[in-house]
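Only one structure is covered here, and it is reproduced in the block below.
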Amino acid sequence: MDKHAMLNGLNPQQRDAVLYANGPLLILAGAGSGKTKVITHRFAYLTNILKVPATSILAMTFTNKAAMEMKERIERLIGKSHKGLWIGTFHALSSRLLRREIDRIGFSRDFVIYDEDDSYNLIRSILREFKMHEALYKGIASRITSLKASLIGPREFLESENGFDFDEKFARVYMRYQDKLRENNALDFDDLIMHAVKLFERYSDVLDKYHKEFSHIMIDEFQDTNIAQYRLASLLAGGHRNICVVGDDDQGIYKFRGANVGNILTFEKDFPECRLIRLEQNYRSTQTILNGASSVIARNPDRKPKKLWTERDKGEKICCFITDDEDEEAHYIARSIRGLYLKGKYSYGDFAVLYRTNLQSRVLEEALRVHGIPYRVIGGVSFYQRREIKDIVSYLKVINNPKDSVSLKRIINYPQRGIGDATIGRIEDEAKKKDKSLFETMKCIVSGNAHPKLKEKIRDFVKTMEELIASKGIALPGLLWLILEKTGYLKWVEEERVENLMEFINSSEGKDLQGLIDTASLFTGTDEPHGGNSVSLMTLHSVKGLEFPVVFIAGVEDGLLPHFHAIKNPEELYEERRLFYVGITRAKDILVLSGARKRRIYASLQEQRSSRFLREIPAEYCHYIERVPVSTSLSKDFFPSSPFVAGVRVRHPRWGIGVVRDSYGETDDIKVMVNFPSVGIKRLSLKFANLEMLQ
DNA sequence: AAACTAAAGCTTTTT
DNA sequence: GCTTTAGTTT
């Protein structure tokens, strides 16, 4: 692709951003302003025109989804496979660096990555050991996470002993936790970043090496970086200063997990010579939707000033309605979706229903199900979080690294081998005395002179594991099968979980052991594709980065949005407002905001007021429906009693073969909506149309 | 060690 | 209300 083709279809600001190849660059990219396009084209410009080796560009994102999208788009632009390129999440790229260099800071290169559950388990066992209240583990974990996000290790924490909320008990747990991780040759998610920073800060020769290896650095969603991540990036950029960050302070919605929007300001301080480019043309929403969004976000103080604009026309007004309760709200949403769908302009994949809290999804799901509308819930429990997958990955982890005691404990009694908490406790004591890993200790027990009963229980397990470790080298699907059979897991596990295991085995084809373990540890995701022919249901948080022609935001009520936890604190209230802003700006054509007067939250029925944010949208952009003409009971036209339901293929004497999209109407007068490739969507009455059903 | 019952929680979420 | 966890029984 030549230079001309590469810049084709970019507006002047986007072009500037692509062409500004050297030196620090801060791109403030408003919602829908073509941010990803700029990043990917910039990557392609660097490689194809400036002949920068593609492997010298480090491009970091937050989520696997964003990383994958970037990889695919870059692959298409530069016409090369993304394999071997440094495009990925902070965590994935960091672990790749550490796999090469970590021995410098006292871990071995085959370290394991602990996920959230692993960390929880470790913290709980430490609390037990210290005779502290075990239920505190979640609070402690989140405290450790936020300290690590600010690069405060246990030593630093102890040294800064003057802080208000310093507490010695916590400091001891933190210290112990970090020691245990090292003992197990394990890193948790936050360590992946923190240790990389430590490594580069401490060993300038290693840092120099990567200054040479990477000539350019790019960061996506910069407003979501925490201090540690920013430090890592700025260290790597320290030599050449070719660092390009893209972000939007108005879309920062992850302060609660350590993201530091202030990094944008820090960046300007650290790189004072940086060029600032604003992308303000929005290519997504109608003028009305964009104006509504701008009025809302304008209430937040301390923003980087920006004014989004669009060439699109006004479009529909924003529809706002209030119902009596959450059931009515859900049914009204379902009916609206169905109504728009039946007009034929939109398919179900064009709709998203957004909400603040996951517990709202229940009613919405129920209503959609009753109306026969296909939907999918994005978020929830992901594939790699499932128990059976985590179990088998733990087997892999132990086979790969028998010192990994946390994974060992996860599987030691699954399937049941009669090694319960009491026995594990005894082995742990023994391990502590001898200063050995759990597995080594178990081997000693088998060959030593312990109680015969204890020996017998442990011998079988050790034997199985040793056989599996000996088979470490065989190709992956085979190894997984071997695990399932030798351990008896396949026989033991519930029927309905077997399918997931099979899927996992199939997906392991062609991967190596370390690679599979890393993917399973780092890939936690809500990475399922949206769209298809289903309505997407998700939280306002998970919708970031997506767009839909029609967007519903449900539960626009004080206490829900803004959430009641955030109402007292101004900073948190601003974040809630940004969340609402993110939701609004996802909509291309139609935006519907709704709320209920009464809502059941947990067990109690609460009187709700409509959201203060709703009143921040000027009335001229809105169409209010106060009295909602709907009953929650269904009229029978939702239950067509005919075999011609959506998806069935039919033949029409005149228009040939088509696919039924929907059917509705009374039992004696059923109407179907059929999509014929030749003539498009037609509404037919079954009585007259003479349709023939095909297999 | 497993199965049961009482009690406490409960915003958002990625890696 | 429902799900997770802590404590008790069998």
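Letters A, B, ... mirror the listed sequences (proteins, then strands); counts begin at 1.
- As rounded to the nearest Å, B:dT14 and C:dT3 have C1' atoms that lie 23 Å from one another.
- Counting non-hydrogen atoms under 4.0 angstrom, A:R356 reaches a base of the nucleic acid.
- Across B:dT11 and C:dA6, the matching C1' atoms stand 24 Å from one another, rounded to whole Å.
- Separation of the C1' atoms belonging to C:dT5 and B:dT12 is 23 Å when rounded to the nearest angstrom.
- Classified by interplanar angle (parallel below 30°, tilted 30° to 60°, perpendicular above 60°), the ring pair A:Y137/A:Y120 is perpendicular.
- Side chains of A:Y114 and A:N121: a donor-acceptor N/O pair is absent below 3.5 angstrom, by distance only.
- Searching all strands for a Watson-Crick or G-U wobble partner of B:dT12 with both distances below 3.5 Å returns nothing.
- Of the N and O atoms on the side chains of A:S542 and A:T539, at least one donor lies less than 3.5 Å from an acceptor on the other residue.
- Aromatic stacking of A:H541 on B:dT12: not satisfied for centres closer than 5.5 Å together with planes under 30 degrees.
- For the OP1/OP2 pair of C:dA6 and a distance below 4.0 Å, the side-chain nitrogens and oxygens of A:R124 include at least one atom meeting the criterion.
- Closest to the side chain of A:Y254, from the set B:dT11, B:dT15, B:dT13, is B:dT13.
- The side chain of A:R362 has C:dT3 as its nearest neighbour among B:dT13, C:dT5, C:dT3.
- Nucleic acid contact for A:E575: none, since no nucleic acid atom lies under 4.0 Å from a heavy atom of the residue.
- Stacking between A:F256 and B:dT12 is present: the aromatic ring centre lies within less than 5.5 angstrom of the base six-membered ring centre, and the two planes differ by under 30 degrees.
- Aromatic ring orientation, A:F256 versus A:Y254: tilted (interplanar angle from 30° to 60°).
- Residue A:Y137 is classed as a sugar-phosphate contact, given heavy-atom separations below 4.0 Å to backbone atoms only.
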